[in-house]
2 protein chains.
Amino acid sequence: MDKQAGTLEGERVIMVMGEPFTADNCPVRDVLANVAGKWNSLILLTLDEGPKRFSALRREVPDISQRMLTQTLRDLQRDGYISREVFPTKPPSVEYALTDLGRSFLTIMKPLVTWSLENHGAIREARRAFDG
Amino acid sequence: MDKQAGTLEGERVIMVMGEPFTADNCPVRDVLANVAGKWNSLILLTLDEGPKRFSALRREVPDISQRMLTQTLRDLQRDGYISREVFPTKPPSVEYALTDLGRSFLTIMKPLVTWSLENHGAIREARRAFDG
DNA sequence: CTGCATCCCCGCCGATACTG
DNA sequence: CAGTATCGGCGGGGATGCAG
């Protein structure tokens, strides 16, 4: 059989860890988008402590604007990482919590956080060496 | 002792995995920037197969522009993830390879790739459910 | 073969003000 | 309390052309 599995009509394919991807529709990029956003990971890590209300997140995630908090929460909910429950109190309150998918993701994510803490010094030094 | 360790002069602090961060100067964000770029992770994963020349990377990473390949490679080199060796042949050739730091990073990165492959379906389904 | 420079579009994100 | 709407800056990144 041919090497590049299912290469149709000039679709270019990259092999990553034994799996074929096209530049578009790349699961890796799709997931990394959640890691990439400026606030996404911070919010997920904060929710790892337990369910939180909107205002609690606003307090605990420093310097995030209301706009970004709302938007990022909606993105995370849309992708299934967190759930959103509205309590019809007066005034209303909304509670956000990790889903199973979100917890599963954090399990993989946390080692990356740990690695960042451990190797940030080496990276900053590499930068200084490169710039000088 | 006080809760928020070392909160000075209105500097807001977030606790993540037992470590205090400010919104600026956050190691996690700094490292995630490397994961976030559109091409960074793909290049690192390609180099995991072994050292490659510029033109080889251009071939194996589909649809990347020359500009982005050059730029991303320089960023990765600057942060110490890859090395760059110039062979004064005619015409010259340049070989890129993972450093120890790069390999260390990939060790942590790969589970995230695996997770992406396994859970991409669930995420796309969550999206459809949310949108509909 | 490798890399740099230029132009330009577009989406992220911040600031601010306004609703149920 | 939670969310929406609007404006605007800034930077990532694609296309193209030039240079050692």
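In the text below, chain A, chain B and the rest are named by the order of the sequence lines, each starting its count at 1.
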> Quick one: A:Leu69 CG to D:dT4 C1', roughly how many Å, whole number?
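Going from CG in A:Leu69 over to C1' in D:dT4 covers 14 Å.
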> Is B:Arg74 close to B:Arg84 at the side-chain level, that is, under 4.5 Å between some pair of heavy atoms?
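Answer no - side chains too far apart.
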> Rounding to 10°, can you tell me the angle the first-five-pair axis of the helix from C:dC1-D:dG20 to C:dG20-D:dC1 makes with its last-five-pair axis?
40°
> Taking side chain as C-beta onward, heavy atoms only, is A:Val31 less than 4.5 Å from B:Asn119?
no
> Write down the distance between NZ (A:Lys38) and P (D:dC10), rounded to a whole number of angstrom.
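Those two atoms, NZ and P, are 14 Å apart.
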> Would you indicate whether the side-chain heavy atoms of A:Leu44 and A:Asp48 approach each other to under 4.5 Å?
no
> Does any N or O in the side chain of B:Arg78 come within less than 3.5 Å of the main-chain N or O of A:Ala126, such that one atom is a donor and the other an acceptor?
no
> Rounding to a whole Å, what distance do you find between B:Ile64:CD1 and D:dG12:C1'?
13 Å
> Is the phosphate of C:dC1 approached by B:Tyr96 (side-chain N or O, under 4.0 Å from OP1 or OP2)?
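Answer is no, no contact under 4.0 Å.
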> Verify, without hydrogens or angle tests, whether B:Ser104 (side chain) and B:Asp100 (backbone) share a donor-acceptor contact under 3.5 angstrom.
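Pair absent, no side-chain N/O of B:Ser104 close to backbone of B:Asp100.
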> Does A:Leu42 reach the side chain of A:Ile64, with side-chain heavy atoms less than 4.5 Å apart?
no
> Within this structure, what is the CD-to-P distance between A:Glu95 and D:dG3, rounded to whole angstrom?
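My rounded result for the distance is 12 Å.
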> For B:Gly80, is there any backbone N or O sitting under 3.5 Å from a side-chain donor or acceptor partner on B:Thr99?
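Indeed, once roles are kept as given, a pair shorter than 3.5 Å links the two residues.
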> Taking DNA chain D as the partner, which of residues 44-56 of chain A come within under 4.0 angstrom of it by heavy atom?
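Within residues 44-56 of chain A, the residues near DNA chain D are A:Arg53, A:Phe54, A:Ser55.
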> Has B:Ser93 got a side-chain atom pairing as donor or acceptor with B:Thr89's backbone, closer than 3.5 angstrom?
no
> Rounded to whole angstroms, how far apart are CH2 on A:Trp39 and C1' on C:dC13?
10 Å
> Does B:Ser41 reach the side chain of B:Met109, with side-chain heavy atoms less than 4.5 Å apart?
yes
> Measure distances between side-chain N and O atoms of A:Arg74 and base N and O atoms of D:dT4, and say whether any donor-acceptor pair falls under 3.5 Å.
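Under the 3.5 Å cut-off, the side chain and the base do not form any donor-acceptor pair.
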> Distance check needed: D:dC7 P versus A:Met68 CE, whole Å only.
17 Å
> Write down the distance between CG (B:Asp63) and C1' (D:dG14), rounded to a whole number of angstrom.
11 Å
> Return the 5'-most residue of the pair A:Arg67, A:Val94 with respect to DNA chain D, ranking by each residue's nearest nucleotide.
A:Val94
> May I ask you to decide if B:Lys110's main-chain N or O and B:Thr114's side chain share a donor-acceptor pair within less than 3.5 Å?
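Yes; at least one donor-acceptor contact below 3.5 Å.
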> To the nearest Å, how far apart are A:Leu57 CG and D:dA2 P?
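In whole Å, D:dA2 P lies 9 Å from A:Leu57 CG.
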> Can you name the closest pair of heavy atoms from B:Leu47 and B:Tyr96 and give their distance?
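Closest approach of B:Leu47 to B:Tyr96: CD2-O, 3.5 Å.
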> Would you mind classifying the nucleic acid contact of A:Gln66 as base, sugar-phosphate or nothing, using non-hydrogen atoms under 4.0 angstrom?
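Base, at least one base heavy atom under 4.0 Å.
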> Mind running a 4.0 Å heavy-atom check of residues 84-92 of chain A against DNA chain D and sending the residues that fall below it, in number order?
A:Arg84, A:Pro91, A:Pro92
> Are there over 12 heavy-atom neighbours, none belonging to B:Glu125, within less than 6.0 Å of that residue's CD?
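Incorrect, the count does not exceed 12.
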